[in-house]
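Fair warning: this is a prediction, and the values are worked out from it, not measured in the lab.
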Amino acid sequence: MRFEPRAGCIAGRTCFSLLLAMACWVFAATNFDALQSSFVQRWGAASQPKFEAWRKLVNSLSDVSDQERIKRVNSFINQQVLFGEDSAIWGQVDYWATPLETLGRSAGDCEDFAIAKYFTLLQVGVQPDKLRLIYVRAKTGTSDATQAHMVLAYYVAPDAEPLVMDNLISDIRPASRRPDLVPIFSFNGSGVFAGASGTGTAAGGTGRLSRWEDLLRRAKAEGFE
């Protein structure tokens, strides 16, 4: 199944109006010393090896192909982070953690896995327009039951079939090999899109505060530029 635009309402625990901050958010060269200072200040000196492992990964991927980047980043985050519910990790029903928060806790839910991979891939040089965070309905087991889920997709070209990075499975598969996922909407630093087609046009929206806007603000305070 190829991910294509889909009409209708947005499913999941978030709202469609995620646009205000995304329109102006630009990822520039990150000050890793500032990030490390923020990380150690919050999570303690004993947590520093987690940050160093992440920084080493980023530094090792500057001169490799995008395919190698997504493979190694996907593997790193899936191995370093344990799945957990926001209520247990953060004491909130739905909390979008920054990459440093996810590393600090070494735990997160599906949104946190996807967000950590997204930020990391931007740091290693993947172009922002090649990445989309996608809300999907994921089939569970052998029944027709589905649950809200988030994945990260990479597009080698706007009209290409996306490659799906997921915390549920270890390998990266093209969308046609993930019939268990039904895309609802996608977004990145440029806007929100109906469905998951790489050629879609960003939808309009209001400027009301959102979890994404709040996440970007907190990530910038940590040192992400």
Side-chain angles (χ1 to χ4, degrees), residues 10-22 25 27 30 32 34-55 57-58 73-123 131-138 140 146-152 165-170 181 184-189 192 208-225:
I10 291 174
R13 298 165 296 174
T14 191
C15 58
F16 190 79
S17 55
L18 304 170
L19 295 172
L20 183 62
M22 290 189 288
W25 181 265
F27 284 87
T30 295
F32 284 94
L35 282 176
Q36 184 171 5
S37 177
S38 296
F39 186 81
V40 172
Q41 182 178 11
R42 180 168 183 184
W43 303 106
S47 67
Q48 187 162 322
K50 298 178 184 179
F51 181 89
E52 291 295 345
W54 178 77
R55 184 172 185 170
L57 171 75
V58 172
V73 168
N74 185 67
S75 177
F76 178 87
I77 299 300
N78 283 356
Q79 290 176 8
Q80 294 291 321
V81 181
L82 297 176
F83 179 83
E85 298 289 350
D86 287 334
S87 56
I89 301 170
W90 300 106
Q92 300 183 34
V93 174
D94 193 13
Y95 181 76
W96 289 18
T98 69
L100 294 191
E101 288 176 328
T102 299
L103 284 175
R105 291 286 194 193
S106 297
D109 65 2
C110 60
E111 291 97 341
D112 302 326
F113 278 87
I115 289 166
K117 294 171 187 178
Y118 176 74
F119 271 76
T120 303
L121 286 168
L122 292 175
Q123 302 311 311
L131 297 171
R132 295 267 192 92
L133 298 110
I134 307 178
Y135 251 116
V136 300
R137 298 298 300 182
T140 57
T146 62
Q147 63 182 18
H149 184 53
M150 184 184 284
V151 297
L152 179 65
M165 289 164 271
D166 194 352
N167 64 291
L168 297 179
I169 61 175
S170 59
L181 304 180
I184 306 299
F185 75 102
S186 59
F187 62 99
N188 58 18
V192 178
R208 121 181 197 190
L209 291 177
S210 67
R211 290 183 180 87
W212 180 246
E213 184 179 21
D214 178 63
L215 166 70
L216 295 179
R217 183 171 57 249
R218 288 184 285 112
K220 187 172 184 178
E222 289 178 338
F224 286 98
E225 295 293 342

Minimum heavy-atom distance [X]-[Y], with the two atoms named:
X	Y	value
V40	Q48	CG2-OE1, 3.6 Å
L100	F224	CG-CE1, 4.0 Å
A116	I77	CB-CD1, 4.0 Å
N78	I169	ND2-O, 3.6 Å

Any chance CD of Q41 has more than 12 other-residue heavy atoms, nucleotides or ligands included, within less than 6.0 Å?
no
Side chains of [X] and [Y]: do they bring a donor and an acceptor to under 3.5 Å?
X	Y	answer
R55	Q36	yes
N167	K117	no
S75	Q79	yes

Take the angle between the ring planes of F51 and F39 and call it parallel below 30°, perpendicular above 60°, tilted in between.
tilted
Taking the basic N atoms (NZ, or NE/NH1/NH2) and the acidic carboxylate oxygens, is any pair closer than 4.0 Å for E101 and R218?
yes
Would you call R217 and D214 a salt bridge, using N to O less than 4.0 angstrom?
yes
Mark yes or no for whether [X], through its side chain, and [Y], through its backbone, hold a donor-acceptor pair below 3.5 Å.
X	Y	result
R132	S186	no
D112	T102	no
N188	L131	yes

Close aromatic pair by centroid cut-off 6.0 Å: W54 and F119:
no
